[in-house]
Trainee: 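I have a structure I would like to understand better, so I am pasting it below and will then ask my questions one at a time.
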Amino acid sequence: MFAQDRLDAKLVRIERKLDLIMKHLDIADPASEIDLSEVDELLRRGKKIQAIRAYRALRPDASLVEAKETVEARQV
């Protein structure tokens, strides 16, 4: 399990670096091109858990933590 934690931490660092590089080069995040209207509608109706599920259905590669953070950031 310890090795998996180390790999997860390393992946997070790599993703941060890629985000910085993309920002520096003014490259749009492909994930931002996903239509999140369903997620937004679920949030408007107060269905946060369903919104997280919908986000993960749109982005199967997203972890539960990433989906939760993204959905929470979209909440108004």
Side-chain angles (χ1 to χ4, degrees):
M1 189 69 171
F2 180 71
Q4 183 63 43
D5 293 338
R6 285 188 14 218
L7 287 174
D8 289 342
K10 188 173 186 174
L11 181 58
V12 168
R13 288 191 308 272
I14 291 169
E15 287 176 341
R16 278 191 216 136
K17 289 176 183 178
L18 285 173
D19 288 341
L20 289 171
I21 292 168
M22 289 173 64
K23 183 177 179 179
H24 178 74
L25 296 174
D26 198 27
I27 299 172
D29 182 3
S32 65
E33 297 173 10
I34 296 173
D35 180 16
L36 297 176
S37 58
E38 178 185 0
V39 172
D40 293 336
E41 177 59 31
L42 288 166
L43 284 173
R44 277 192 288 281
R45 295 181 9 215
K47 298 186 177 212
K48 181 177 170 183
I49 293 172
Q50 289 86 345
I52 293 169
R53 286 182 185 147
Y55 181 82
R56 291 191 77 198
L58 293 169
R59 294 272 324 271
D61 59 322
S63 70
L64 180 57
V65 172
E66 179 186 344
K68 181 180 178 285
E69 289 173 352
T70 302
V71 167
E72 287 175 344
R74 297 184 70 80
Q75 254 179 330
V76 177

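These figures come from a predicted structure and were not determined experimentally.
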Trainee: Quick one: CG on Asp5 to NZ on Lys10, what's the gap to the nearest 0.5 Å?
Mentor: 14.5 Å
Trainee: Please round to the nearest 0.5 Å and tell me the distance separating atom CD of Glu15 and atom CG of Leu18.
Mentor: 7.5 Å
Trainee: Taking only residues two or more places apart in sequence or in another chain, which ones pass side chain to side chain donor-acceptor pair (under 3.5 Å) with Lys47?
Mentor: none
Trainee: Which other residues belong to the hydrophobic cluster containing Leu11, where Ile, Leu, Val, Met, Phe, Trp and Tyr are joined when side-chain heavy atoms lie under 4.5 Å apart, directly or via other members?
Mentor: none
Trainee: Measuring from atom OH of Tyr55 to atom CG of Leu64, what distance do you get when rounded to the nearest 0.5 angstrom?
Mentor: 12.0 Å
Trainee: Who clusters with Val65? Use side-chain heavy atoms, under 4.5 angstrom, across I, L, V, M, F, W and Y, and order the result by chain and number.
Mentor: none
Trainee: With sequence neighbours left out, what residues match Asp61 under salt bridge (Lys or Arg N to Asp or Glu O under 4.0 Å)?
Mentor: Arg59
Trainee: What's the spacing between Leu36 CG and Leu42 CG if we round to 0.5 Å?
Mentor: 11.0 Å
Trainee: List the atom of Arg56, the atom of Ala67, and the distance in Å for their closest heavy-atom pair.
Mentor: CG-CB, 3.4 Å
Trainee: Once rounded to the nearest 0.5 Å, what's the spacing between atom CD1 of Ile52 and atom CD of Glu69?
Mentor: 10.5 Å
Trainee: Sequence neighbours left out, what passes salt bridge (Lys or Arg N to Asp or Glu O under 4.0 Å) with Arg53? Give chain and number order.
Mentor: none
Trainee: Quick one, Glu38 and Glu41 - any side-chain contact, counting heavy atoms below 4.5 Å?
Mentor: no
Trainee: Do other residues, nucleotides or ligands put more than 12 heavy atoms under 6.0 Å from Ile49 CD1?
Mentor: no
Trainee: Should Gln50 and Arg45 count as side-chain neighbours, where that means a heavy-atom distance under 4.5 Å?
Mentor: no
Trainee: Would you kindly confirm whether Met22 and Leu25 end up in one hydrophobic cluster when ILVMFWY residues are joined by side chain heavy atoms under 4.5 Å apart?
Mentor: yes
Trainee: Distance check, rounded to the nearest 0.5 Å: Leu58 atom CG versus Asp35 atom CG?
Mentor: 7.5 Å
Trainee: Side-chain heavy atoms under 4.5 angstrom apart, residues restricted to Ile, Leu, Val, Met, Phe, Trp, Tyr: same cluster for Ile34 and Val39?
Mentor: yes
Trainee: What residues form a salt bridge (Lys or Arg N to Asp or Glu O under 4.0 Å) with Asp40, not counting sequence neighbours?
Mentor: Arg74
